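Worksheet: one structure, shown below.
This is a predicted model, so every value here is computed, not measured.
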Amino acid sequence: MLPKSYIILKWTVYALATLLLFCLQYLVLGQVRVMGLAPFVYPILPAVVASYEGPRRGAVFGLILGLVCDQLTVGPFEGFYTLLFTLIALLSALVGENLLSPGFLCALTVSAMAMLLTNGGRILVELLRGNTHLVLMGRIALIETLITLPALLAVLPLYRVIHLRCASDY
C-alpha cells in the first residue's frame with residue numbers, strides 16, 4: 001500500500017495534465033473549424049485514463065471530469081456529461097483490462113467508443129425531443145469524431161507518461 005501523499009500527488013498530476021488539455025481544447029482546438037465543426041476532446045480524456053487506471057479509479061475520474069464539463073459546457077441536459085463520462089470510463093476500463101493492452105490501439109478504440117457514445121447520446125436526446133433530422137445529426141457526429149480523434153496524439157502521450165511514472169498497485 002502506498003502512502004496517501006503519493007496517491008494525492010499522482011492524481012494532482014493527472015488533474016494538472018487534464019487542465020492543460022482543457023486549455024488545448026479551449027485555446028487551440030476550439031478555434032479550428034472543419035465544415036463548421038470544432039474538435040471536442042473532452043470525451044476521450046476519461047476513456048484514456050480509465051483504460052490505464054481501471055474501473056474504480058477511472059470511473060471516479062470520469063465522474064469528476066463530467067461534473068466539471070457540465071459546469072463549463074452546454075450539454076443536451078443538465079448532468080449529461082457526468083453520466084456519460086462515468087459510463088465511458090467504466091467501459092474503457094473494461095476494454096483496457098479485458099480486451100486490449102493499454103497503449104495506442106486501446107486508446108484509439110476507447111476514444112472512438114467515447115465519441116460514438118457522446119454523439120449517440122446527443123442524437124438520442126434530440127430524437128426524444130422530436131428532432132427528425134437523423135441524417136444531418138449522423139453527419140455532424142461523424143465529422144466531429146473524425147476531427148477529434150487526431151487529438152489523441154496529444155492526449156495519449158501525456159497520460160501515458162503520468163501512468164508509467166506513477167505506476168503501482170494500490
Looking only at heavy atoms, what is the nearest atom pair of [X] and [Y], with distance?
{"X": "F22", "Y": "C69", "result": "CZ-SG, 3.9 Å"}
{"X": "A50", "Y": "A89", "result": "CB-O, 3.1 Å"}
{"X": "G103", "Y": "R160", "result": "CA-NH1, 4.4 Å"}
{"X": "A47", "Y": "I88", "result": "CB-CG2, 3.8 Å"}
{"X": "G75", "Y": "Y81", "result": "CA-CE1, 3.7 Å"}
{"X": "P55", "Y": "L90", "result": "O-CD2, 3.8 Å"}

Review point. Does the side-chain contact (heavy atoms from CB on, under 4.5 Å) test come out yes or no for V41 and L24, once each step is laid out?
Key: CA-CA 9 Å; V41 75; L24 174 73; 5.8 Å; no
Review point. Distance-only, no hydrogens or angles: does the D70 side chain make a donor-acceptor pair with backbone N or O of E78 under 3.5 Å?
Key: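 Flag not set: sc D70 to bb E78 has no pair under 3.5 Å.
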Hydrophobic clustering (ILVMFWY, side-chain heavy atoms < 4.5 Å, transitive) - are [Y] and [X] grouped together?
{"X": "M35", "Y": "L37", "value": "yes"}
{"X": "V95", "Y": "V155", "value": "yes"}
{"X": "L99", "Y": "L116", "value": "no"}
{"X": "V60", "Y": "I7", "value": "no"}
{"X": "F77", "Y": "L72", "value": "yes"}

Review point. Quick one: side-chain hydrogen bond (donor to acceptor under 3.5 Å, both in side chains) pairs with a partner in residues 91-107, sequence neighbours left out?
Key: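 Sorted pair list comes back empty.
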Point to revise | Pair listing, side-chain hydrogen bond (donor to acceptor under 3.5 Å, both in side chains) test, anchored in residues 18-33, at least two apart | key: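 Qualifying pairs, neighbours excluded: T18-Y159.
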**Study point:** Check against side-chain contact (heavy atoms from CB on, under 4.5 Å), V68 and Y42
**Key:** CA-CA 10 Å; V68 171; Y42 301 136; over 6 Å; no
Point to revise | Steps toward side-chain contact (heavy atoms from CB on, under 4.5 Å) verdict (F61, W11) | key: CA-CA 9 Å; F61 182 82; W11 288 100; 3.7 Å; yes
Check your understanding: Going through the distances and angles, do N131 and H133 end up as a side-chain contact (heavy atoms from CB on, under 4.5 Å)?
Key -> CA-CA 6 Å; N131 189 339; H133 301 295; 3.0 Å; yes
With a cut-off of 3.5 Å and sequence neighbours excluded, list every side-chain donor-acceptor pair involving residues 134-151.
unit_1	atom_1	unit_2	atom_2	d
E144	OE1	N119	ND2	3.4
E144	OE1	R122	NH1	2.8
E144	OE2	R122	NH1	3.4
T145	OG1	N119	ND2	3.2
T145	OG1	A141	O	2.8
T148	OG1	F40	N	2.9
T148	OG1	E144	O	2.7

Within this structure, what is the [atom1]-[atom2] distance for the pair [X] and [Y], rounded to the nearest 0.5 Å?
{"X": "I64", "Y": "T86", "atom1": "CD1", "atom2": "OG1", "result": "9.5 Å"}
{"X": "L67", "Y": "L83", "atom1": "CG", "atom2": "CG", "result": "9.5 Å"}
{"X": "K10", "Y": "H163", "atom1": "NZ", "atom2": "NE2", "result": "6.0 Å"}

Practice item. Would you please name every residue forming a side chain to side chain contact (heavy atoms under 4.5 Å, CB included) with L27, sequence neighbours left out? Key: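 L27 satisfies side chain to side chain contact (heavy atoms under 4.5 Å, CB included) with C23 once adjacent residues are dropped.
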**Study point:** V13: side chain to side chain contact (heavy atoms under 4.5 Å, CB included) partners, not counting sequence neighbours
**Key:**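 Counting only residues at least two positions away or on another chain, V13 forms a side chain to side chain contact (heavy atoms under 4.5 Å, CB included) with L9, I162.
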Exercise for review: May I ask you to test the L87-L91 pair for a side-chain heavy-atom distance under 4.5 Å?
Suggested key: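 Counting from C-beta outward, L87 and L91 do come under 4.5 Å.
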Check your understanding: If we only count heavy atoms from C-beta on, is the L20 to L16 side-chain gap below 4.5 Å?
Key ->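 No; the side chains remain at least 4.5 Å from each other.
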Show me the side-chain donor-acceptor pairs of residues 104-113 shorter than 3.5 Å, one per line, residues at least two apart or across chains.
unit_1	atom_1	unit_2	atom_2	d
T109	OG1	L105	O	2.8
S111	OG	A107	O	2.7

